[in-house]
Amino acid sequence: METLEQIRDRIVAKFGADTVTLITNPGPSAQHSLLLVAHAARDIARFLHDDPALRLDYCSNATGVDWPDKEIVETVKTTQPDPAGGPDKVVETKTKRIQPGCLEAVYHLYSIALKSAEPVIIRMRTANRTDDVTLPSLTPVWRSCEFQEREIYDLYGIVFTGHPDLRRILMWDEFKDHPMRKDYVGPDDYEWEPTPHGEVLERAKAHYPTPPASTSPKSEE
Amino acid sequence: MNNASTSSAPTTANATEAEAPVSPFPLHSSPFGPSSASGATVRAVNDEFHGDLLEISLGPHHPSTHGVFRMNAALDGEIVTKLKPVFGYLHRNHEKLGETNSYLANVPYTDRLDYLASLTNNWAYVHAVEKLAGITPTERCEYLRVILGELGRIINHVCLVGFLLNDLGTSFTPLLYSLRERERMLDLLEELTGARMMYNFFRFGGLRTDVSADWLARLKHYLEGLFARYLDEQDALLTGNEILLARTQGTGILKPDLAINAGFTGPGLRASGVDYDIRKVDKYSIYDRFDFRVPLGEHGDTYDRFMMRMLEMRESVKIILQAMRDLPDGPVNDPKAKSRGLRPKAGEAYGRIECPKGELGFYLISDGTPNPYRYRVRPPSFINLTILEDLCLGQTLADTIIILGSIDIVLGEVDR
């Protein structure tokens, strides 16, 4: 099996340098990955599947990852000469910037024909997390993505174009949210029935306040 | 007349209802296709097949759907013309829980994924965390893991063989024989781990406790004695049985190309003749030290999928006996490897093992905190269902029951 650098070079030679980036993984597993540009991703996937040297015919795992907006504080150290003639002063200036978040789809590919032991990982990123969350579906290339992309759509909200049947799969159809997103806040009114436990009782009261005395049926009795 | 013309809203509603019959499915949307405008798809199906078409919703609590699983099937006479699996009834967002727990606290949760093969679930997760954190298990631990993992495979396949035949309508006998053997193995595991189904026995870099020589001797005695007899009995009773052959041969045929493309793994894939076993390909743990064969099917039909399990059980017994023979002394836990309070370096890892049902993988992203940033289960049951429809098209409804059984799903893993 070729190394990830070789695979990247093949993709660059065929589709152009701006279509793929190598993402290094600093952890001990050293499973690096290729970030594909969304508009060319399906063609690249088809190429990876068909190329006789790679033959990545088996997409084992497809999953989503949520990367919310992140505030990054950068510290810049500058030295300023002391007007009094002493040693130079080091001045730290802190600048904050917001790194925009995105949703990510990660695919783990293997070759059954060539019996590859390590996965070739490809990933795609959406433009943002709110309105531009479309990625091309890889189900036309690997059928095994069919349910998994539905699951990503269900739990993360990534819309896969070209998917044959993109519906919710684990949550019910009327459910509005995407529960695996990092900023998802679950409802706190599961325990709707007032119980003698203090904490639950407080929450239940907040959701179901006592009705005014005039409308309460008990007061009429 | 006047009344009808003035109250326009109800009349139009009635008219459209009469035109397009409302789908008999009790759920909000038709299972056939994304355009779930009620009725439209049903008529399209009718046109396609020029006959009376019956939509039936099998499940979610039908005994033959192996849990809370629903098959929405369109039948032309007795023949299945469309079939959509529906699930999610057991969904408790296992992955979200996994991201709020510490790494160690996830181990007992993995038991609940596939409750018939908890040992291998533990192993897959622990294997992925070890990849993520760069932990190497001790030598003795690796052998014991192989013994326990293969025992887990046997327990799973014993159940499958029993339930598959139950799906065939063999009443009860093979199932009871199978469950009897399972109980005997569960007794041994209960003695070892303290639990009958949720063992919670694997730790990062080791196991929770060591195994006694006495326990191993009894396991060996059992596998060579009673269990060997069970396998022979079951073979004599079933594998050449005329009715079994008639019902399973030639049904639910899966072509190897489709199986690979649809991510079908495990004994089901090998039944189609694809030689792909992660124990042989990845050589994880110490599987390269054992001499065992990977059984392969020829036709990819239900019978082959059944036979794969029977043959794999014999291979698993072989592996366990070899591992017992070579079991080295030494510590079962590496004192330097830390389970509690594990904080892997930032990074990600995907680890997979060959579970009884197929490839079970865990994809983990660490951001340096004590709990995973992303915790993803790659469940074999879930992905093997992708081609359920392809397997069942053109088969009778009775055969779809066995085809589903031969895929071997557990809903805890499908829904998570």
Side-chain angles (χ1 to χ4, degrees), chain A residues 23-33 49 57-67 104 106 108 110-119 121 139 141-148 150-152 154-155 163-175 179-182 184 186, chain B residues 27-29 31 33-34 36 84-88 91 93 95-96 99 128 131-135 257-258 260-265 269 274-276 278 280-284 344-352 359 361 363-366 373-374 376-378 382-383 385-387 390 414-416:
Chain A
I23 307 267
T24 49
N25 175 0
S29 75
Q31 290 176 343
H32 311 301
S33 54
H49 180 275
D57 48 10
Y58 166 45
C59 175
S60 160
N61 179 40
T63 182
V65 187
D66 182 17
W67 300 102
E104 199 173 57
V106 187
H108 290 77
Y110 291 91
S111 169
I112 286 187
L114 303 177
K115 301 233 168 112
S116 63
E118 280 299 310
I121 307 169
T139 306
V141 184
W142 295 286
R143 177 85 185 276
S144 52
C145 301
E146 185 183 337
F147 281 2
Q148 304 193 65
R150 273 178 73 182
E151 188 189 314
I152 300 171
D154 189 356
L155 302 180
H163 190 284
D165 183 14
L166 196 65
R167 288 178 291 139
R168 284 192 180 273
I169 191 165
L170 295 176
M171 309 303 286
W172 54 104
D173 287 15
E174 293 83 0
F175 189 72
M180 281 301 282
R181 289 208 188 184
K182 288 285 173 189
Y184 171 73
Chain B
L27 262 199
H28 29 270
S29 65
S36 58
K84 294 285 174 202
V86 183
F87 36 81
H91 182 226
N93 234 333
E95 295 181 1
K96 191 84 176 177
E99 288 171 16
K131 269 196 170 185
L132 182 73
I135 301 170
D257 292 349
L258 178 63
I260 293 171
N261 197 251
F264 208 83
T265 44
L269 176 70
V274 182
D275 182 12
Y276 192 74
I278 300 168
K280 291 277 191 195
V281 174
D282 271 17
K283 299 187 176 64
Y284 66 91
K345 258 172 67 181
E348 61 176 58
Y350 177 68
R352 58 172 192 165
E359 171 184 335
Y363 173 62
L364 300 163
I365 299 183
S366 166
Y373 182 80
R374 177 77 178 104
R376 150 81 178 170
V377 190
R378 186 261 185 226
F382 177 71
I383 292 156
L385 280 175
T386 311
I387 43 161
D390 298 63
V414 174
D415 289 353
R416 278 156 290 136

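Computed over heavy atoms, backbone and side chain alike; hydrogens, waters and symmetry mates excluded. Residue numbers begin at 1 in each chain, while the letters A, B, ... track the order of the sequences.
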Check whether B:Val274 gets within reach of chain A through its side chain, its backbone, both or neither, counting any heavy atom under 4.5 Å.
-> side chain

Chain A contact via B:Ile365 - side chain, backbone, both or neither, heavy atoms under 4.5 Å = side chain

Should [X] and [Y] count as side-chain neighbours, where that means a heavy-atom distance under 4.5 Å?
X: B:Lys131; Y: A:Gln31; answer: yes
X: A:His108; Y: B:Arg376; answer: no
X: B:Arg352; Y: B:Thr265; answer: no
X: A:Met180; Y: A:Asp66; answer: no

Name the member of [options] that forms the most heavy-atom pairs with chain A at distances under 4.5 Å.
options: B:Lys345, B:Lys96, B:Glu99; result: B:Lys96
options: B:Phe264, B:Phe87, B:Tyr373; result: B:Tyr373
options: B:Asp257, B:Leu269, B:Leu132; result: B:Leu132
options: B:Gly361, B:Ala346, B:Ser366, B:Pro85; result: B:Ala346
options: B:Val281, B:Leu258, B:Asn261; result: B:Asn261

For [X], is it the side chain, the backbone, both, or neither that has a heavy atom closer than 4.5 Å to a heavy atom of chain B?
X: A:Arg150; value: neither
X: A:Asn25; value: side chain
X: A:Asp154; value: neither
X: A:Ala113; value: neither

Centroid-centroid distance, B:Tyr276 to A:Tyr110, less than 6.0 Å | no

Heavy-atom pair with the smallest gap, counting every atom of B:Pro344 and B:Ala133 | CB-CB, 4.0 Å

In short, A:Asn61 meets B:Tyr363 closest at the heavy-atom pair ND2-CB, 3.7 Å

Using a cut-off of under 4.5 Å on heavy-atom pairs, state which of [options] scores highest against chain B.
options: A:Leu170, A:Thr24, A:Val106; result: A:Leu170
options: A:Gln148, A:Glu146, A:His49, A:Met171; result: A:Gln148
options: A:Ala30, A:Ala62, A:Cys59; result: A:Ala62
options: A:Pro119, A:Pro179, A:Ala117; result: A:Ala117

B:Arg416 NZ/CZ over B:Phe382 ring centroid, <6.0 Å and within 45° of normal = yes

Check ion pair B:Glu348-B:Arg374 (N to O, under 4.0 angstrom) = no

Check ion pair B:Lys280-B:Asp275 (N to O, under 4.0 angstrom) = no

